Structures are given as C-alpha cells and as structure tokens.
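Working notes, beginning with the structure itself.
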Amino acid sequence: MAPASPAPGQARSILILNGPNLNMLGTRQPEIYGAETLQDLMAAAGRRATELGLLSEARQSNHEGDLVTWIQQARKEFDGIIINPGALTHTSVAILDALTLAEKPVIEIHLSNIHQREEFRHHSYVSKIAKGVLAGFGGHGYVMAVEAMARILKK
Ligand code: CA2
C-alpha cells in the first residue's frame, strides 16, 4: 500500500468506504438508489481510478467501528478517502473524529440528494471535514468523486 507521502512519481492511493446497508444496493428502492449493485459501482470507480493512475481499494461495513478502524488505518496507508457513510452520515461523531484525525482529503458522496429528502437527512457530520460533497448523481457520483480526488491529489 502507498505510504503517507509517496516519492515523486509513485502512484497515489485512495480508499473508498461505504457504510450500513449499502451492500443492499440493487435489491430494493431502485427509484431512490438505482438498480446497480455496490459491486458494480465500486468496479466502475476502480476502473476510473486506474485510468487516472490511482491505486484504489473499496470496502463496505454495516458496523461503525469497522469504518472508524479503516479510517484510522488510512492515515498511514492511503492518500485520500472517499466515503458514503450511509445513515451514519447523520449520526456519527465517531466517524467525523476519525476523519479529522486522518488528516487526508475527504470527499463525501451520497447516491440520493439528501437535501430533497426527510429533514433528518439534511444534516451531515462528515460534511464538517469533507473537502467536497456529491449528492444526487446516483452511482455515477463515485466516478465523479474519484475524478475530483485525482485533481486534489495532483496539487
Ligand atoms: O444517498 C445515499 O447514498 C445515502 O447515504 C444512503 C443511506 C441513507 O441513510 C443516507 O441518508 C443517504 C442509506 C443506504 C441504504 O441503502 C439501501 C440500498 C438498497 C435498498 C435499501 C437501502
């Protein structure tokens, strides 16, 4: 895995994290979340990362603690983090704290436009630390997030 400060010319690496229930994509509520599976979306994002010369790894967990541990590890092992925290977006100070401690660029992504939905989805703890937020572009948002991260890591 890539070190925190890669030598010149060394590929940058990104970690793509997905929170609770996103493993269910493609099975229910396609009108909100689309018909593709998480595996499809991560494959497309991974292909775009490769095209842009980035190393990438995607993980999903239904457990907050797994996400916190992976974010802690990312401090040493990855150069940037793309995260769809799922419902933990709206509740998790622990994920916000872990992302803050990681000291890496963070992009927050949501399949749906959370601002057009129920009031309780309008607030995001993660947005406090995110460099940018993508919401409402469906699965293509992950590809857009990879492209945005590539630009951030080039600077
Ligand atoms: O729009 C998003 O990406 C969300 O992060 C998805 C979360 C939701 O709690 C956030 O408010 C917005 C929910 C993910 C649930 O995924 C499902 C997948 C298939 C069927 C049902 C739910």
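When a residue number appears, it is its place in the shown sequence, counting from 1. We count ligands from 1, going down the list as the structure has it; atoms in each ligand are counted the same way. In this text the structure is predicted, and so the values were computed from the model without any measurement.
Not counting sequence neighbours, Leu101 has no partner by the side-chain contact (heavy atoms from CB on, under 4.5 Å) test. For His123, the ring-ring contact (aromatic ring centres under 6.0 Å, His included) partners two or more places apart in sequence, or in a different chain, are Tyr125.
In terms of heavy atoms, Ile107 sits closest to Ala145 at CD1-O, 3.4 Å.
Hydrophobic clustering of Ile, Leu, Val, Met, Phe, Trp and Tyr side chains at less than 4.5 Å, counting indirect connections, unites Phe137 with Ile82.
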Side-chain atoms of residues 21-28: list all donor-acceptor pairs with protein atoms under 3.5 Å, sequence neighbours left out, distances to 0.1 Å.
unit_1: Asn23; atom_1: OD1; unit_2: Gln60; atom_2: NE2; d: 3.4
unit_1: Thr27; atom_1: OG1; unit_2: Met24; atom_2: O; d: 2.5

Give me the pairs of N or O atoms, one from ligand 1 and one from the protein, that sit under 3.5 Å apart.
unit_1: ligand 1; atom_1: 1 (O); unit_2: Leu111; atom_2: N; d: 3.3
unit_1: ligand 1; atom_1: 1 (O); unit_2: Ser112; atom_2: N; d: 2.9
unit_1: ligand 1; atom_1: 1 (O); unit_2: Ser112; atom_2: OG; d: 2.5
unit_1: ligand 1; atom_1: 3 (O); unit_2: Asn84; atom_2: ND2; d: 2.9
unit_1: ligand 1; atom_1: 3 (O); unit_2: Leu111; atom_2: N; d: 2.7
unit_1: ligand 1; atom_1: 5 (O); unit_2: Asn84; atom_2: OD1; d: 2.8
unit_1: ligand 1; atom_1: 5 (O); unit_2: His110; atom_2: ND1; d: 3.0
unit_1: ligand 1; atom_1: 9 (O); unit_2: Ala87; atom_2: N; d: 3.3
unit_1: ligand 1; atom_1: 9 (O); unit_2: Arg121; atom_2: NH1; d: 2.9
unit_1: ligand 1; atom_1: 11 (O); unit_2: His90; atom_2: NE2; d: 2.7
unit_1: ligand 1; atom_1: 11 (O); unit_2: Arg121; atom_2: NH1; d: 2.9
unit_1: ligand 1; atom_1: 16 (O); unit_2: Asn21; atom_2: O; d: 3.4

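Inspection of the Asp66 and Thr69 side chains reveals no N or O donor paired with an N or O acceptor under 3.5 Å.
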